[in-house]
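First the structure, in the form of structure tokens, and then the observations on it.
Sequence positions, counted from 1, serve as the residue numbers for this chain. All values below were derived from every heavy atom in this structure, side-chain atoms included, with hydrogens, water molecules and symmetry-related copies excluded.
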Amino acid sequence: ITIQKPSVSMTIRADLLGLTSKLPMPLNKSANERMNLRIDKKQDATSDLIVVNIGNKIIARVTHTLVDGKPELDHATIRLNAEKANTAANPIDSAAELNTNSEIGKSRGLQIFGNLDYLDGDAWRGVVADFANATKQGSTLPIQKVAIKINALDIFDRRFNQLKISNKSDKDGLHANIQSREVSGDLQWQSQNNGKLIARLSNLTVPEASPERVSAANAIVDSTTKDSVKLNQIYPALDITADSFEYDKKKMGSLELIAFPQDDNWSIQKFKLINPESTLTADGIWNKWVRNPNTRLNISWDINDLGKTLKRFGHPDNIKGGEGMLTGQLNWAGSPHEFDTTALNGNLQFEIRKGQILKVQPGVGRLLGLLSLQSLPRRLSLDFRDLFSNGFAFDKINATVKIDHGVLRSDNFAMDGPAADVTIKGETNLQKETQQLFIKVMPHISDSLSLAALAGGPLAGAVAFLAQKLLKDPLNKIASTEYEIIGTWDNPQEVTGNKNNQESSKDSPLN
């Protein structure tokens, strides 16, 4: 300590040997690890300057202006990983910093810059929040400059890679431009309440979950502390739009999301996915999202082309064409990103028009393979396999479906097509990939027979057609066949000895 009125200088040097740091990386350390600490302070009658250097991992330079004998925060610069910085452009010697007084009294604000290989953003959010609560500092600094590169960032339990952040001037909080493998665009952070993130992005890819983070800091935190951190973790309010949204390596289209915390719940005010084939809109709530989460959503899906929509979601070559609407309510135990078919409940209503269920090979679309009827016509009293060999063309499909713990059940599934009308009752298990379905197929044969009768002359054809219609298509009813389908989606089995099948075959005059 040197006193030369009106100036006072203080210097501290330490290797921190014997001290343990529970701070997150890069400031974590064990007791037997050395980490050089350098603190220099210089104060005069009107200002003071403090420089803190922690192992060249973080250098902080803070200036205060003395007003009525009380220091007011004036300017701060934080440098990350200075040992890899350009020392000519960014001197790291504390003495040099103290002798560089030109910044004192200049524009008020905070500057942060540097490079990091890894940053645990979730851990540091907790440290910053605890520090703010403990100090209750009233004086804050506007962000003047941010220029940070982070090779891997874990935040909100997600991993961001090759991240570059630079700030923009904004009176309402931190406004930055972000570029990474997962996100590109502008972000604004508002710190009121639990915080609010406003994002206007050109590209958003949902990052992969953060891998298990094993570090010295984590190793010395007991399980009680970890549970407490988890329970106290608060997600911010979100207002996000993205021109291109990608999830699970699937390009979903553009995204709009508005959500905010509300007591123990998280309200999803708006979720919207827009692409040329469809528009999916949802709202709902993430109940008790910290302790015992469950998710409830109301959905509305306006579909312009069902086949292309399924292809976009990873199920190509199942359906060709098809337009319509799907609405309903879904809920499951867990968070929105923890969608689990075994815990899925709700109900759906849909109507799809003008399309074709294609002949599906075993795979992700194998449930739709049942609806193509490709394996059923062999049991019809009349041989109409050519009508179904390439799948089932439909004019309309409509149904109401109830979902109970991953089991879908419908009593009014109906498909109307030019070749046949089909009704289905029963259930299918999404987890076990099994089904028990009762299918009734009524082929449209009367019109074909009437046309064939034209060979006997126009009058015979007209009489045959009128006779079928006046008798309400008796040939169609006679040829109708019922099936019970069980087994797995990969290997559906028709129950033999079906009473309705046997009676329809026995009573049919065309057999």
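- With hydrogens and angles ignored, the 3.5 Å screen pairs a side-chain donor or acceptor of N275 with a backbone N or O of M252.
- Remark: aromatic rings of F260 and W266 are distant, center separation not under 6.0 Å.
- Inter-residue side-chain proximity for S254 and L273 is flagged as unmet; no heavy-atom pair is nearer than 4.5 Å.
- Formation of a donor-acceptor pair under 3.5 Å by the N345 side chain with backbone atoms of H405 is found in this model.
- The backbone N or O of T279 lies less than 3.5 Å from no partner atom in the side chain of D302, so there is not a single donor-acceptor pair.
- For the pair N429 (side chain) and K432 (backbone), a donor-acceptor distance under 3.5 Å is present.
- Using modelled atom types, no side-chain atom of K311 and backbone atom of D317 make a donor-acceptor pair closer than 3.5 Å.
- Residues T341 and F339 form a side-chain contact, since some pair of their non-hydrogen atoms from C-beta on lies under 4.5 Å apart.
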(request) Kindly indicate, with the supporting measurements, whether the criterion side chain to side chain donor-acceptor pair (under 3.5 Å) is fulfilled by N81 and N115. (result) CA-CA 6 Å; N81 211 11; N115 301 282; over 6 Å; no

(request) Could you walk me through whether L408 and K402 pass the side chain to side chain contact (heavy atoms under 4.5 Å, CB included) test, one step at a time? (result) CA-CA 6 Å; L408 279 64; K402 294 183 178 180; over 6 Å; no

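- D340 contributes a side-chain N or O that, together with a main-chain N or O of T342, makes up a donor-acceptor pair within less than 3.5 Å.
- Side-chain atoms of E246 and L204, non-hydrogen and from C-beta on, never get closer than 4.5 Å to each other.
- When only modelled atom types and interatomic distance are considered, N287 and N294 share a side-chain donor-acceptor pair under 3.5 Å.
- A donor-acceptor distance shorter than 3.5 angstrom exists from the side chain of K29 to the backbone of L16, with no hydrogens or angles considered.
- Between the side chain of E277 and the backbone N or O of R312 there is no donor-acceptor pair closer than 3.5 Å.
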(request) Could you check W301 against F313 for ring-ring contact (aromatic ring centres under 6.0 Å, His included), going step by step and ending with a plain yes or no? (result) CA-CA 14 Å; W301 202 347; F313 281 81; 5.5 Å; yes

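- Nearest heavy atoms, A176 versus I165: CB-CG2, 3.9 Å.
- With hydrogens and angles ignored, the 3.5 Å screen pairs a side-chain donor or acceptor of S410 with a backbone N or O of T400.
- Y118 contributes atom OH, which lies 10.5 Å from atom CD1 of I150 (distance to the nearest 0.5 angstrom).
- Under the 3.5 Å distance criterion, the side-chain polar atoms of N265 are left unmatched by any main-chain donor or acceptor of S267.
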